[in-house]
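In what follows, a single structure is set out as structure tokens and then discussed.
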Protein chains: 2
Amino acid sequence: MQDEGIEPNIGDGSRRILDAAEELFADRGFDAVSMHAIAQAAGISKANIYHYFPNKDALYLAVLRSASENLRTLLQEAINSHGSVSEILHHFANSHLQALLKRPRLVRLVWREILEKGAPRAKELAEQGFSELFSNLVELIRNGQERGELRAEIDPAVAAILLIAGNVFFFQHRDTLRHYPEVAFANDPEAYDKAMVELLLLGIATPNPSS
Amino acid sequence: MQDEGIEPNIGDGSRRILDAAEELFADRGFDAVSMHAIAQAAGISKANIYHYFPNKDALYLAVLRSASENLRTLLQEAINSHGSVSEILHHFANSHLQALLKRPRLVRLVWREILEKGAPRAKELAEQGFSELFSNLVELIRNGQERGELRAEIDPAVAAILLIAGNVFFFQHRDTLRHYPEVAFANDPEAYDKAMVELLLLGIATPNPSS
DNA sequence: GTGGCCCTCGACCGGTTGGTCGGTCCAGCA
DNA sequence: TGCTGGACCGACCAACCGGTCGAGGGCCAC
């Protein structure tokens, strides 16, 4: 039968296990983390983990499920806004990137699962967050087009992908970007998002006077 | 001329090992791949691997070095072009994405290493490809600004990141994107790049606010 | 008391891991 | 012809893996 809403047995014991496992899985991946290491990080014995979770896969799945849900609700906040399309997009980009930066462990964990090819343990689960976000953003851009604030010729999906990709790329490579002198915004995600959305809105080409 | 000048012993034996290891490491990651599996995939005995490589780490490093070099030369082709800025950017984006799609194993392998946090085995090695690409693209956009074809107000680094991020995102999620009805270009990278570069050039906002 | 009921644990299991070792095969060369 | 050295392998090793088991201990109802 199906589980009803929320996992029934989330006590203090399993919570500490989940926390420890989440960090380790996010940092090193499924295979590189042993149950012994998780137990040690949680401050309990390895056998005790098996009192709460039947096996390693189930533990990983529980961690992923928890992370996916948390990440989803976190990202959901990005689409609650109003105003002009420009304001909405600015708010969306900023909230989205802030959400990613707020819980980097969750993001890395979920992303790791999405990118895995060998053994997709719960790909759909990990993808659901992106799915909602993407659909909502596409809808949002489409509304902007209908209201005439955005050009009708553009593909909303391309614009949505660019916005999300820009944020994800910044999140994933912010440490690397810090090393480049060309990058002035590596430590300032808000400035980055501001520049990015303005660039997306106005384009990089010099406007043609005879348009 | 078969001598590459760097690695002294690249014979037929080690080549097959590197090929097999590259595929397995790219698909499943370092820890999930056993030396036995690599030997089996290469059609040799496990002990024979140790005739060419001192240990698993050295083998992984050799695979990563080879992949990084190949990927770098592959990406290098993207920056050789001329014409107007618009043409150059279109060519760059297209070549870049084609390069990614041409050798997905290399890309996944290198990207996996970049994203790893627990044990960065050769992060700098994996990042060098992106480094060159990014610097060249920034320079390219800066030239366009000096020639007046691109707006002077934009940050070249932001534009460069958006372009690369858009391609990388498409590459990494093309399988997922196929499931969305909003996405018409999931099987057509050229169409995607065309739309993306045009969007970047002209922006998504209507040029004249509500008249 | 004492019997159940969760937690918690050390000790243990079979299997797999990265890595080693002694030895075989065979082309090249004297 | 015999020797040499690189390519190659089956068998083996200690360590570790995920997972099991039986036993303790605190706690509450009786």
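Reckoned from all heavy atoms, side chains included, excluding hydrogens, waters and symmetry mates. Quick note on labels: first sequence line is chain A, next is B, and so on, each numbered from 1. In this text, all values refer to a predicted model and were calculated from it rather than measured experimentally.
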>> According to side-chain hydrogen bond (donor to acceptor under 3.5 Å, both in side chains), does anything in residues 180-190 of chain B pair up with another residue at least two apart or in another chain? List the pairs.
In response: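 Every side-chain hydrogen bond (donor to acceptor under 3.5 Å, both in side chains) pair that includes a residue of residues 180-190 of chain B, provided the two are not neighbours, is Ser131(A)-Tyr180(B), Ser135(A)-Glu182(B), Arg178(B)-Asn187(B).
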
> Please, which pairs that meet side-chain hydrogen bond (donor to acceptor under 3.5 Å, both in side chains) have at least one residue in residues 154-165 of chain B, sequence neighbours excluded?
Replying inline: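 Every candidate side-chain hydrogen bond (donor to acceptor under 3.5 Å, both in side chains) pair involving residues 154-165 of chain B fails, so no pair, neighbours aside, qualifies.
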
> Given atom CG of Asn55(A) and atom P of dG14(C), what is their separation to the nearest angstrom?
Replying inline: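 Spelled out: CG on Asn55(A) to P on dG14(C) is 20 Å.
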
> Which whole-number value in Å describes the distance from Ile49(A) CD1 to dG18(D) P?
Replying inline: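 Answer to the nearest Å: 9 Å.
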
Under 4.0 Å between a side-chain N/O of [X] and OP1 or OP2 of [N], yes or no?
| X | N | result |
| --- | --- | --- |
| Tyr52(A) | dT8(C) | yes |
| His51(A) | dT8(C) | no |
| Ser34(A) | dC17(D) | yes |

> Of Glu127(A), Glu124(A), Lys123(A), which is the lone residue that meets side-chain hydrogen bond (donor to acceptor under 3.5 Å, both in side chains) with Thr176(B)?
Replying inline: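 With Thr176(B) as partner, Glu127(A), Glu124(A), Lys123(A) yield a single side-chain hydrogen bond (donor to acceptor under 3.5 Å, both in side chains), made by Glu127(A).
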
> Excluding sequence neighbours, so at least two apart, what forms side chain to side chain contact (heavy atoms under 4.5 Å, CB included) with Ala160(B)?
Replying inline: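 Scan of Ala160(B) (side chain to side chain contact (heavy atoms under 4.5 Å, CB included), adjacent residues dropped) gives Phe134(B), Leu137(B), Val138(B), Ile141(B).
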
> Which residues within residues 35-48 of chain A lie with some heavy atom under 4.0 Å of an atom in DNA chain C?
Replying inline: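 Under 4.0 Å from DNA chain C: Ile44(A), Ser45(A), Ala47(A), Asn48(A).
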
> Residues two or more places apart in sequence or in another chain: which of them pass ring pair (Phe, Tyr, Trp, His ring centres under 6.0 Å) with Tyr60(A)?
Replying inline: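 Partners of Tyr60(A) under the ring pair (Phe, Tyr, Trp, His ring centres under 6.0 Å) test: Phe25(A), Phe30(A).
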
>> So, using salt bridge (charged side-chain N to carboxylate O under 4.0 Å, His left out) as the criterion, who are the partners of Glu87(B) when residues are at least two apart?
In response: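 Glu87(B) satisfies salt bridge (charged side-chain N to carboxylate O under 4.0 Å, His left out) with no other residue.
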
